[in-house]
Asker: 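Provided herewith is a single structure, encoded as structure tokens, for subsequent inquiry.
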Amino acid sequence: MGKFKLFDMNREGKGVSKDEKPLKPTFFNLPKFYFRRFTKVLNLNFVMLPIWIIPLVLAYLYTVADSMATQTDVVYSTLYGIHLINPSPGTASLVGVFGTQLPLQTYGPGRIWVSIGLVVLLAAVWGWINLGATYCARGMFRGDPVFIWSDFKYAISRNLWQGLFVGIIDFAVLGILGYDLFYFSQRGGTFWLDFFFFGICGALAIYLFMRFYIYLMLVTFDIKTGKLIKNSLIFSILGIKRNLIGAFWIVVIILLNALLVLLFWNIQVVVPLILPMIYLLPTITLFKVYSAYPVIEEYMIKGKQKKE
């Protein structure tokens, strides 16, 4: 049994040992802090796997769907009609230029309903998984004994309905902002389209910083959802220095994974594609807590104690 301790999520975490000097949550101490908690991070990943599994199933359903060829340019049908009525070398050339075809995935009713069901399922568990993982990451940051599975379940049961509601809002906002970013990135070229594109980029950056605090405050305080969102917005600006610490290291870890994929892509090594599924989500969660908890502690915990 001893050699399987890494995957025992109910065993007691060691917290901060007597020989382990607590680290100040500074920019340069984050990597050292992270590797001290790396085993717990790997264990935490197991309860976050649905965030990987459901999108992978959706991607599989998309790739195995039947496809049909379709034209990519809206003027093709008009040009083709002109060419049928009055064929000429000129119209033939235009039909060739604008007649590029791409495969379009086609879904049957069954696959559509399964896909919708999976999206609804992901939206439903999104908040629970994030708040449970944040609760465990907060314990790691504070040096508390951490029981991954029992702590995860406790955090969800304590915030069951609010966690569901906040998670659906979070999932929807991320989806809308992500779609808008993609849409306007494909429609640039005019002042207003470029204006909306950069506006969406700014809104997405602010909201991603808000997400540093949303679930952390949810598992730390008894707080109404409206105030939770308001405080998260305030801290996204008020805690900008610490937010940038977390953002920097999150970008570093993502870029390192992307670099590994690029290096091994040509030799068809799939390990770099699998590695992020082992540690990336809990790593990002821990980085966010590392950055955000000192801000919450300063303004909401110590600040409240001073008033009392």
Side-chain angles (χ1 to χ4, degrees), residues 41-72 101-134 136 152-153 156 160-161 163-187 200-201 203-205 207-208 210-211 214-215 250-251 253-258 260-262 264-265 268-285 288:
V41 167
L42 295 180
N43 285 327
L44 181 57
N45 185 69
F46 284 96
V47 293
M48 301 188 75
L49 282 178
I51 295 180
W52 285 115
I53 293 172
I54 296 175
L56 286 175
V57 174
L58 285 169
Y60 174 77
L61 291 175
Y62 177 81
T63 56
V64 300
D66 296 331
S67 62
M68 60 180 293
T70 182
Q71 280 70 37
T72 60
Q101 295 183 339
L102 287 177
L104 177 67
Q105 307 302 116
T106 58
Y107 281 75
R111 187 167 286 146
I112 290 174
W113 283 110
V114 170
S115 299
I116 292 173
L118 288 172
V119 173
V120 171
L121 176 61
L122 182 59
V125 301
W126 183 264
W128 292 334
I129 292 174
N130 277 283
L131 75 88
T134 300
C136 294
F152 184 82
K153 291 193 299 181
I156 293 173
L160 186 65
W161 296 112
L164 174 65
F165 181 61
V166 170
I168 291 173
I169 294 174
D170 181 35
F171 186 83
V173 172
L174 287 173
I176 292 170
L177 289 175
Y179 176 81
D180 287 345
L181 184 66
F182 174 78
Y183 177 83
F184 286 109
S185 69
Q186 304 297 312
R187 298 291 187 276
I200 292 296
C201 288
L204 182 60
Y207 186 70
L208 290 177
M210 288 175 62
R211 295 189 77 250
I214 290 174
Y215 294 103
I250 289 171
V251 170
I253 199 73
I254 292 174
L255 288 179
L256 286 175
N257 279 279
L260 285 174
V261 171
L262 291 175
F264 289 95
W265 184 263
Q268 299 181 342
V269 176
V270 298
V271 172
L273 294 174
I274 299 173
L275 280 178
M277 301 178 194
I278 298 175
Y279 64 86
L280 186 60
L281 289 178
T283 295
I284 292 174
T285 301
K288 291 192 295 185

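Throughout, residue positions are numbered sequentially from 1 according to the sequence presented.
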Asker: Are the side chains of Leu122 and Leu118 in touch, meaning some heavy atoms are under 4.5 Å apart?
Answerer: no
Asker: Just wondering, do Leu160 and Leu164 contact through their side chains at under 4.5 Å, heavy atoms?
Answerer: no
Asker: Roughly how far apart are Leu177 CG and Cys201 SG, rounded to 0.5 Å?
Answerer: 10.0 Å
Asker: My understanding is that only residues two or more places apart in sequence, or in another chain, count here; which of them pass side-chain contact (heavy atoms from CB on, under 4.5 Å) with Leu281?
Answerer: Met48, Ile51, Trp52
Asker: Who are the side chain to side chain donor-acceptor pair (under 3.5 Å) partners of Thr285, not counting sequence neighbours?
Answerer: none
Asker: Supply the atom-to-atom distance Leu56 CG to Leu61 CG, rounded to the nearest 0.5 angstrom.
Answerer: 11.0 Å
Asker: Show your working on side-chain contact (heavy atoms from CB on, under 4.5 Å) between Ile200 and Tyr183 and close with a plain yes or no.
Answerer: CA-CA 10 Å; Ile200 292 296; Tyr183 177 83; over 6 Å; no
Asker: Does any non-hydrogen side-chain atom of Lys288 lie less than 4.5 Å from one of Ile250?
Answerer: yes
Asker: Ile214 versus Tyr207: any side-chain heavy-atom pair under 4.5 Å?
Answerer: yes
Asker: Tell me every residue that passes ring pair (Phe, Tyr, Trp, His ring centres under 6.0 Å) with Phe171, counting only those two or more places apart in sequence or in another chain.
Answerer: Trp126
Asker: Are the side chains of Leu174 and Leu208 in touch, meaning some heavy atoms are under 4.5 Å apart?
Answerer: yes
Asker: For residues Pro50 and Ile129, report the shortest heavy-atom separation together with the two atoms involved.
Answerer: CB-CD1, 3.7 Å
Asker: To the closest 0.5 Å, what do you measure between OH (Tyr179) and CD1 (Ile176)?
Answerer: 11.5 Å
Asker: First locate atom CD1 of Ile156, then atom CG of Asn130, and finally report the distance between them rounded to the nearest 0.5 Å.
Answerer: 10.0 Å
Asker: Does anything in residues 44-54 pair up under salt bridge (Lys or Arg N to Asp or Glu O under 4.0 Å), and if so which pairs, sequence neighbours excluded?
Answerer: none
Asker: By side-chain contact (heavy atoms from CB on, under 4.5 Å), which residues pair with Val120, not counting sequence neighbours?
Answerer: Ile116
Asker: Please determine which of Leu260, Leu256, Asn257 meets the side-chain contact (heavy atoms from CB on, under 4.5 Å) test together with Pro276.
Answerer: Asn257
Asker: Can you measure from CZ (Phe152) to CH2 (Trp128) and round to the nearest 0.5 angstrom?
Answerer: 10.5 Å
Asker: Which heavy atom of Cys136 sits nearest a heavy atom of Leu44, and at what distance?
Answerer: CB-CD1, 3.9 Å
Asker: Pairs in or reaching into residues 113-122: which pass salt bridge (Lys or Arg N to Asp or Glu O under 4.0 Å), with residues at least two apart or in two chains?
Answerer: none
Asker: Heavy atoms only: give me the nearest Val41-Pro282 pair and the separation to one decimal.
Answerer: O-CG, 3.4 Å
Asker: Over all heavy atoms of both residues, which pair between Asn45 and Tyr279 is shortest? Give the atoms and the distance, please.
Answerer: OD1-N, 4.0 Å
